[in-house]
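What follows is a single structure, written as structure tokens, with notes after it.
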Amino acid sequence: YTKLEPALCQELQKIVDALIAPGKGLLASDESPSSLQKRFDDLGVENTETNRRDYRQMLFSVDKSQFSKYISGVILHHETVYQKTTDDVELIELLRERNVVPGIKVDKGLVPLFGSKDENTTEGLDNLQERCIQYKRDGCHFTKWRCTFTISETTPSQLAMVTNANVLARYASICQSARMVPIIEPEILSNGTHGINRALEAHEEVLSILFRTLQEHRVYLEGMILKVAMVLSGIKNSVNCNPQIVAENTITALQRTVPPAVPAIVFLSGGQSDEDAVVNLNAINAYEGRKPWPLTFCYGRALQNTAMETWSGNSEKVEDAQAVFLERARLCSQASLGELDF
Ligand code: 13P
């Protein structure tokens with residue numbers, strides 16, 4: 001098989017290094033217009049292109065040195081890459097001015113996996129290489145693709161695990177060929193009544209099949225980032241596990257399945273409260289045990305919930321919303337070092 005050129009490997013590693021500086025994490029700001037609908041509705045904000053722009057402009061114009069103290073990269077939605085601020089500056093330029101690496105979500109969303117029981121796969125492989133080459137020209141250096149898995153008595157099924165592992169591997173190898181670092185996101189959803197042991201089992205199965213498949217596709221492990229959910233009990237389970245238990249189970253799942261060649265693992269917040277997303281990340285980093293990878297945050301909701309609410313479409317609230325955002329980012333940063341100041 002053909003190996004990646006040394007210059008390409010170096011380029012990918014350089015991007016990874018910029019993304020995983022100690023004490024920093026990523027902001028997932030790649031919600032599609034349709035996923036912002038409900039959140040904007042709840043706040044009485046009309047879901048227009050201009051309001052989405054204003055919201056992201058608020059986030060990306062946070063004080064330069066403060067922003068880059070905590071955030072190394074931002075995942076964007078296609079629309080945001082081509083939007084300009086009210087002063088006619090590209091939004092992506094605001095990130096560059098802050099030494100923050102712009103990235104792009106390249107999947108086209110979930111579709112039903114026929115033949116399964118309510119499971120999904122993810123679309124978007126068609127023309128992916130051309131799209132990646134264009135995004136690279138337009139200033140993005142990494143990508144994200146999300147597949148989801150549900151936990152029930154019969155799922156995740158072998159079909160869903162094998163199909164999505166192949167989709168993720170194909171995505172990752174295409175991105176690497178276009179000089180972009182892929183964030184590979186097999187998200188195991190926490191919907192359901194299952195206990196944490198079942199979540200551990202599902203993570204082990206999904207991740208072991210994923211890494212076997214990445215190997216088959218010759219994905220360059222040193223030039224990728226893995227994005228996972230924490231191992232938690234289901235939302236509808238009466239037990240809300242304490243941070244030590246979450247840390248132990250999360251680290252166990254990762255130790256058993258993720259090769260040390262992978263340069264970083266980031267977590268999604270996945271509907272945890274802002275507080276839980278911080279204390280659980282802190283416990284994971286404070287946990288004593290073998291952890292050959294930096295473990296940091298790549299949060300959407302847990303970084304944005306309070307800032308979005310504070311902003312609520314009101315231009316006079318921009319500074320307040322930015323302060324709230326920075327406070328969440330600061331706490332996540334401390335947690336990524338296992339140094340949360342309670
Ligand atoms: P949450 O942190 O809101 O789960 O989102 C992260 C993400 O990017 C999911 O793909």
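In listed order, ligands and their atoms are each counted from 1.
L331 and M308 fall into different hydrophobic clusters, where Ile, Leu, Val, Met, Phe, Trp and Tyr residues are linked whenever their side-chain heavy atoms come under 4.5 Å apart, directly or through other members.
Salt bridge annotation for R256-E204: present, with a cationic side-chain nitrogen under 4.0 angstrom from a carboxylate oxygen. Of the charged side-chain nitrogens involved, none lies within less than 4.0 Å of a carboxylate oxygen, so that E90 and K84 do not count as a salt-bridged pair.
In this model, no donor atom of one side chain and acceptor atom of the other lie less than 3.5 Å apart for S336 and Y70.
Of the residues listed (K105, R56, R52, R301), the one engaging E31 in a salt bridge (charged side-chain N to carboxylate O under 4.0 Å, His left out) is R56, and it is the only one.
A heavy-atom cutoff of 4.0 Å around ligand 1 is satisfied by the protein residues A28, K144, R146, E185, K227, L268, S269, G270, C298, Y299, G300, R301.
Annotation: H141 is not in aromatic contact with Y135 [ring centroid separation under 6.0 Å not met].
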